[in-house]
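To start, the structure under review is shown below, and the notes come after it.
The sequence lines fix the lettering, A, B, ..., with proteins before strands; numbering per chain opens at 1. Hydrogens, waters and symmetry mates play no part in the numbers below; they use all other heavy atoms, side chains included.
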Amino acid sequence: MASERYNPRAAEPRWQKAWDAAKLFEAKNDDPRPKYYVLEMFPYPSGNIHIGHTRNYTMGDVVARYKRAAGYNVLHPMGWDAFGMPAENAAMQNKVHPKDWTYKNIDNMRAQLKTMGLSIDWSREFATCDVDYYHRQQMLFLDMLDKGLVTRKTSKVNWDPEDLTVLANEQVIDGRGWRSGALVEQRELTQWFFKITDFAQDLNDAIDTLDQWPEKVRTMQRNWIGRSEGLILRWKLDEASAEASGVKTIPVFTTRPDTLFGASFLAIAADHPLARKAAETDAELAAFCDECRRMGTSVAALETAEKRGYRTGLQVEHPFDPNWTLPVYVANFVLMEYGTGAVFGCPGHDQRDLDFARKYDLPVTPVVLPVGEDPMTFTIGAEAYVGEGTMVNSRFLDGMNPEAAFQEVASRLEKTELEGAPQAERKINFRLRDWGISRQRYWGCPIPIIHCEACGTVPVPKKDLPVKLPDDVEFDRPGNPLDRHPTWRHVSCPKCGGAAHRETDTMDTFVDSSWYFTRFTAPWEKEPTDKAAANGWLPVDQYIGGIEHAILHLLYSRFFTRAMQATGHVDVSEPFKGLFTQGMVVHETYKSADGKWLSPSEVRLSNDDGVRSAVEIATGKLATIGGLEKMSKSKKNVVSPEEITESYGADTARWFMLSDSPPERDVEWTEDGAAGVHRFVQRLWRLLSGAGEKLVNIAPANGQAGDALELSRAVHKALKAVGDDIEKLAFNRAVARVHELVNAIAAPLGRVAEGNADADLRASARQCVEFVIAMVAPFMPHLAEEVWATLGESDLLAARAWPKFDPALVIDNEIVLPVQINGKKRGDLTITRDADQAAIQSAVLSLDFVVKALEGKEPRKLIIVPQRIVNVVV
RNA sequence: GCGGGCGUGGUGAAAUGGUAUACACACCGGACUUAAAAUCCGGAGGCUUCGGCCAUGCGGGUUCAAGUCCCGCCGCCCGCACCA
């Protein structure tokens, strides 16, 4: 009897098994149908799938199932971003080997994912910590080294002087090491880099071609690459300064040479060679520079710090006036990594320079006059003027616009000689820096290099790959266990055979995630790629992941694909054709009385007259309720989707994740919705299976008249709308459409279930049930299969094609036009779809409320927007 | 600090510049029941002198028409190169 409740616990594993047995989701590289590659950002195996994963993978799965039904050869793989710090932290805390911890987590999470009924090709699964994978990554590294895309240079790291180890930015809290509490210092280390800047121009230009990416991500990438056109301008030190410092000029990069006459100081980075030199003889300056270095390496920390400077005593001459000298400061907001590590300050037209000038009482001269201001009275107050205008106080530039002034300054100084070189040259500068990939950690891909005293850095020959991580390591102390391993690092030089040692740095985990999507196209291949397979599948047609990856992961992947192209591993340069950035799943955070993060399962919430409070269950002490934040392991505000799946089943969890909130927006996970969604699942089951039982062996057909016709109209319209919504990834709207449809078909399907339906209605009902399960199948694949079986069918719905709607049934002959008077809706006009302007006009003007509003006068204006709206202006 | 985004009922939200609040959650009422659950049906932005008026974070502007476009604020969130 159809009124039985649907039992997902029994049905879901049954269908999952049936799909597996039919190998429905295993993609064949030689399938002749058009390809569609849908991919969700692979997870870090933290231990449990959380609700954010559920949402991400369900979105991808809806697309995968829909595209499969639409006739594509779909690749929808899954893997594990398995290297990284948490495994080492776990090793230190729980005395468990990173490898064991990671693979155990993977097993757990794979099992959790499988209960969700995702249409994933599990035959291609791998983890980035699999030797097979990082072996090929080492091959790629060597090829890129060969191509000149890898370099070695120094860069700064956060150094914990107590634990004697390098810290990640996240391990630096308020300038102190998270374990030791010691003040963090900057240290220079020689590290390996990928030369992403070689591709800066192309990475920037090609953003224009990514028309299926969100505009905001494209903007963020452009800003990150930060292409700017400016001048390298060399400032002459005055004689005393030149003698003191041993150099004659300071090169400065500027994008605003037009404001040169508003300059009032030069500022250099604490790590600028000149600052270092000056600090040798100036203890106070040395102390200031040290202090700057103690801010760690994070740009955010640097820039939020109060702007401070130290006057060096050095002076430079203005390029256009040898008698005009400007002081040179060392300033904490100037970065050695950007431009030349030195800037000239123009306080009138740059807010940071203005703050600095006010603090150190430096002159503020406006040189760009806003339109409508009087040059005699215009002054700069608390805010710098950064807009357009006319040059003033600028001698030969006066009266020009800033652009012309830029060109004038550039062309004059290009021709001026200073110390045997042009005083200025035009330069295109990028904010983008080379990608430092060295990590002083164990749990990462070893960099396949050997250091030999005689031969220098020697690549490990490919035949000797993989350089495997040793398993016998200790985590009883901070620092890199590879460094102190008794034997692993000692090898003989591949070139001269002499004693040498391995590189003990491992690669940034962003390297692992920069080509996994390419590896999925042929994960069994001995070479990094099967070029034909990679070319066939790439680019990924739809990539789905968190907005938090908008810049780094996506930019590194774009670079890496180019680098793989340059080394002959693939022929595409852009890895992701379509990108969708889902919102994050947020949840309240909780902290115990002694300030530790607590997970939702560790607290008991109560609500007294609207005042919410939380109690830590273990201690009975009051806990603090914090804001909604991105679910993260470190804040422990992570909710397991298992509880939904266990009690309600995967279909409920899947439907819940995609209903209500638009996919690109953050969603707060609440218990409330799950029960409601489950009721809907049961309702749908009752409705469809109840009618379905009576529809076995009925041939589906469009309804011809009356209720049957109305039913077909509703269903065909919904089918079209749901298909369109899925194409646009507007899952929440698709869900709302299905709700609407179910409300509309409940009555007629009820009559079918009761046996009170004529042949016309039965045929249209059969079609209706088939369409509805096709529509919901991408979201609730198990329930859809169950209903399909109820219809007496024995094949798998997941292998069937998306139905076709009948265009004649989705167009109405009569339309309802809203009628506004002065922009406010006052009524409707029902009229035939093809009515012309004149017919609409006369119909509108004879409407009661229009006649009343006009009071016998002519309308001032009548606006008719075809198929949309009518506005009568009185 | 810099870059990017978001803000609509009690809640999640819908709306190619064109009917603001679809759809759902929670809530309230009714039916069924000895009762409850489940189910089914119905109600609902606020104010109102019942004519209407006011509402999309706040303040201006463009337009016949603004949640949507422009300008200026406020609040929250994301990223900032060693978290992944």
Side-chain angles (χ1 to χ4, degrees), chain A residues 3 5 41 43-44 46 81 83-86 155 157-158 166-172 214-217 219-220 222-224 226 297-307 333 337 351-352 355 431-441 508-510 512-513 546-553 555-556 581 583-584 586 627-630 632-634 659-662 664-668 670 672-677 679-680 682-683 686 730 732-733 735-740 743 746 750 816-820 822-828 860-863 865 868-873:
Chain A
S3 60
R5 283 176 71 78
M41 291 179 185
Y44 179 79
S46 57
D81 189 12
F83 276 135
M85 288 204 312
S155 75
V157 294
N158 300 305
V166 176
L167 299 176
N169 282 337
E170 116 174 320
Q171 297 172 320
V172 179
E215 195 52 48
K216 62 177 170 182
V217 176
T219 307
M220 283 157 124
R222 265 190 212 101
N223 290 339
W224 186 261
T297 60
S298 138
V299 175
L302 243 87
E303 297 207 339
T304 35
E306 188 198 355
K307 309 285 166 285
F333 59 85
E337 288 79 17
Q351 192 60 41
R352 200 160 54 176
D355 296 342
R431 204 186 74 101
L432 183 67
R433 309 199 299 253
D434 276 334
W435 174 13
I437 59 156
S438 287
R439 298 291 181 270
Q440 293 70 42
R441 297 186 218 295
D508 179 7
T509 57
F510 271 125
D512 312 337
S513 56
I547 183 69
E548 66 272 26
H549 294 293
I551 297 173
L552 291 180
H553 162 59
L555 192 61
Y556 289 150
T581 54
M584 285 171 301
V586 296
L628 292 176
E629 294 195 58
K630 174 177 117 179
S632 76
K633 216 173 141 51
S634 62
S659 41
D660 292 357
S661 274
E664 69 278 8
R665 204 181 288 187
D666 290 355
V667 65
E668 186 194 356
T670 61
D672 290 353
V677 167
R679 281 200 297 276
F680 177 73
Q682 292 295 350
R683 182 179 175 214
R686 275 195 306 279
N732 57 320
R733 284 192 300 201
V735 165
R737 301 277 191 196
V738 172
H739 280 141
E740 260 171 345
N743 289 339
V816 178
L817 280 180
V819 179
Q820 295 180 329
N822 292 338
K824 292 205 168 172
K825 192 204 165 190
R826 285 295 123 99
D828 295 309
R860 236 191 33 218
K861 211 170 181 183
L862 187 68
I863 292 145
V865 184
R868 274 264 152 223
I869 202 163
V870 179
N871 190 9
V872 185
V873 185

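Taking atom CD on A:Glu740 and atom P on B:A14, their separation rounds to 14 Å, with Å as the unit. Regarding A:Arg868, its CZ atom lies at a distance of 6 Å from the P atom of B:G18, rounded to whole Å. A straight line from CD1 of A:Ile863 to P of B:U19 spans 14 Å, rounded to a whole angstrom.
Within the 4.0 angstrom heavy-atom criterion, no nucleotide atom of any strand lies near A:His553. Note on A:Trp224: a base of the nucleic acid sits closer than 4.0 angstrom, heavy atoms only. Looking at heavy-atom distances under 4.0 Å, A:Gln682 makes no contact with the nucleic acid at all. Looking at heavy-atom distances under 4.0 Å, A:Pro43 makes no contact with the nucleic acid at all. A:Val157 comes within contact range of at least one nucleobase, with a heavy-atom separation under 4.0 Å. Counting non-hydrogen atoms under 4.0 angstrom, A:Arg683 reaches the backbone sugars and phosphates but no base.
Rounded to the nearest Å, the gap between the C1' atom of B:G9 and that of B:G46 is 9 Å. Between B:C58 and B:G75, the two P atoms lie 15 Å apart (nearest whole Å).
For B:G1, the paired nucleotide is B:C80, the pair qualifying as Watson-Crick or G-U wobble because both relevant distances are below 3.5 Å. Here B:C6 sits opposite B:G75 as a Watson-Crick or G-U wobble pair (both hydrogen-bonding atom distances under 3.5 Å).
Every residue two or more places apart in sequence or in another chain that forms a side chain to side chain donor-acceptor pair (under 3.5 Å) with A:Arg683 is listed here: A:Asn743.
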